[in-house]
Amino acid sequence: MKMLSLALAAHLASGVTTLCHCWKLVRRDGTVMGFTDHDGDLAFGGVTFEAAGGLTASAIETSAGLAVDNLDVLGALSSERLNDGDLAAGLYDDAEVEVWRVNWRDTDQRVLMRKGNLGQVTRGATGFAAELRGLAHRLNQPVGRIYQYGCDADLGDGRCGLDPGGLTASGVVISSADDRILTVDGLAGFAEGWFERGRLRFTSGANKDALMEVKLHAPEPGGALIELWQPMTRGVAAGDTFEIMAGCDKQFATCRVKFSNAIRFRGFPHMPGNDFVMSYPSAGGANDGGRRN
């Protein structure tokens with residue numbers, strides 16, 4: 001049940017209303033943004049809500065129980081603060097969103113309609129559609145460990161135990177093709193494939209602080225070839241600097257051979273799989289009940 005102030009309740013009961021929607025968005029990096037579908041900027045709670053920001057909302061779906069409430073927010077990339085590069089870089093992933101219903105003549109008359117997080121974002125040439133998920137969506141997120149072959153730690157974190165400083169290197173872009181295939185300097189001495197499945201973060205240039213996964217790493221005369229899984233949303237230019245982290249495929253052999261860290265492996269490499277379930281005694285086998293490996 002929504003609790004309305006006496007002034008807002010009286011305004012709604014008057015039969016003639018001056019209402020609009022306001023959206024407050026808090027990105028993962030702490031940036032706070034406000035937008036409204038009113039034709040003029042509004043301000044309350046220390047946030048300025050920008051008009052003509054290109055945002056419209058669908059009807060809000062609400063259900064009893066623990067089902068996830070949701071609505072879709074549609075937007076044209078018309079605000080200077082909303083741009084395709086930031087969306088593609090993941091700055092809005094899981095951003096916190098508040099949806100307010102506000103009397104634009106008196107912003108003290110307002111009610112919080114929904115609070116949640118941004119879900120899937122679909123981008124187009126001139127706009128985007130973002131799913132706003134209710135707070136119940138947190139109950140659908142996996143919690144705890146999973147019994148699986150692969151390691152569930154992130155390379156260089158506390159559970160992995162390796163020093164992140166020894167896993168990263170810095171470099172500079174020499175040339176770029178399609179903003180995806182980069183010829184770089186600064187990675188001499190690293191074996192072929194060392195950075196595959198790793199992450200590259202730009203530290204300067206148009207893509208500063210943007211991350212992308214590495215598909216291919218191959219040493220070349222005078223430098224190295226780095227191929228990214230997807231093109232960067234902004235142009236990559238010669239002279240752009242970056243940091244790159246070694247890649248890990250989460251397998252026990254990689255942990256043991258590549259990183260000499262088998263003692264901290266956080267998977268279960270000897271768990272029985274489908275091959276064990278389907279196995280059967282054979283005349284040519286040892287059939288001594290010994291180890292599988």
Side-chain angles (χ1 to χ4, degrees), residues 1-14 16-62 68-124 126-138 141 206-211 233-234:
M1 178 181 295
K2 300 293 183 184
M3 301 299 295
L4 305 181
S5 66
L6 294 177
L8 180 57
H11 178 70
L12 295 174
S14 68
V16 179
T17 60
T18 52
L19 300 176
C20 66
H21 283 101
C22 292
W23 294 272
K24 177 184 175 182
L25 186 149
V26 182
R27 300 191 321 198
R28 293 188 303 172
D29 60 0
T31 300
V32 179
M33 309 170 72
F35 304 95
T36 178
D37 56 8
H38 184 48
D39 58 5
D41 291 353
L42 301 174
F44 59 84
V47 178
T48 298
F49 295 84
E50 177 187 349
L55 291 179
T56 59
S58 68
I60 300 176
E61 296 180 6
T62 303
V68 178
D69 302 333
N70 66 81
L71 66 91
D72 290 330
V73 178
L74 309 178
L77 298 174
S78 56
S79 168
E80 293 182 356
R81 296 185 293 169
L82 284 175
N83 62 77
D84 185 63
D86 289 345
L87 288 169
L91 295 181
Y92 294 89
D93 291 354
D94 202 36
E96 296 181 0
V97 180
E98 295 179 359
V99 183
W100 292 84
R101 192 67 163 159
V102 183
N103 179 357
W104 51 266
R105 289 187 180 275
D106 182 0
T107 56
D108 288 336
Q109 300 178 22
R110 61 182 185 268
V111 60
L112 180 63
M113 300 296 297
R114 185 69 76 248
K115 186 174 182 178
N117 300 83
L118 284 185
Q120 182 177 359
V121 178
T122 303
R123 297 180 291 117
T126 59
F128 68 93
E131 177 191 19
L132 175 58
R133 298 172 178 171
L135 296 177
H137 86 282
R138 294 293 187 192
Q141 305 302 315
N207 294 287
K208 184 178 179 181
D209 295 327
L211 294 168
T233 54
R234 303 185 182 98

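- Residue Asp37 comes nearest to Cys20 through the heavy atom pair OD1-CB, 3.3 Å, listed as atom of the first residue, atom of the second, then distance.
- Atom CD of residue Glu50 and atom CG of residue Leu42 lie 11.5 Å apart, to the nearest 0.5 angstrom.
- Leu112 CG to Cys22 SG: the interatomic distance, rounded to the nearest 0.5 Å, is 11.5 Å.
- The heavy-atom pair separating Thr17 from His11 by the smallest distance is CA-NE2, 3.3 Å.
- The main-chain N or O of His38 is found under 3.5 Å from a side-chain atom of Thr36 such that the two form a donor-acceptor pair.
- A donor-acceptor pair is defined here as one N or O able to donate and one able to accept, closer than 3.5 Å; such a pair exists between the side chain of Asn207 and the backbone of Arg234.
- Ring geometry for Phe49 versus Phe44: interplanar angle under 30°, hence parallel rather than tilted (30 to 60°).
- Residues Val32 and Lys24 approach most closely at CG1-CE, 4.0 Å, considering heavy atoms.
- For the atom pair OG1 of Thr48 and CZ of Phe35, the computed distance is 11.5 Å after rounding to the nearest 0.5 Å.
- Of all the heavy atoms in Leu19 and Leu8, the pair that sits closest is CD2-CD1, 4.4 Å.
- Across Gly40 and Ala51, no two heavy atoms sit closer than the pair C-CB, 3.4 Å.
- Applying the side-chain contact (heavy atoms from CB on, under 4.5 Å) test between Val102 and each of Gln109, His21, Arg110 identifies Arg110 as the sole match.
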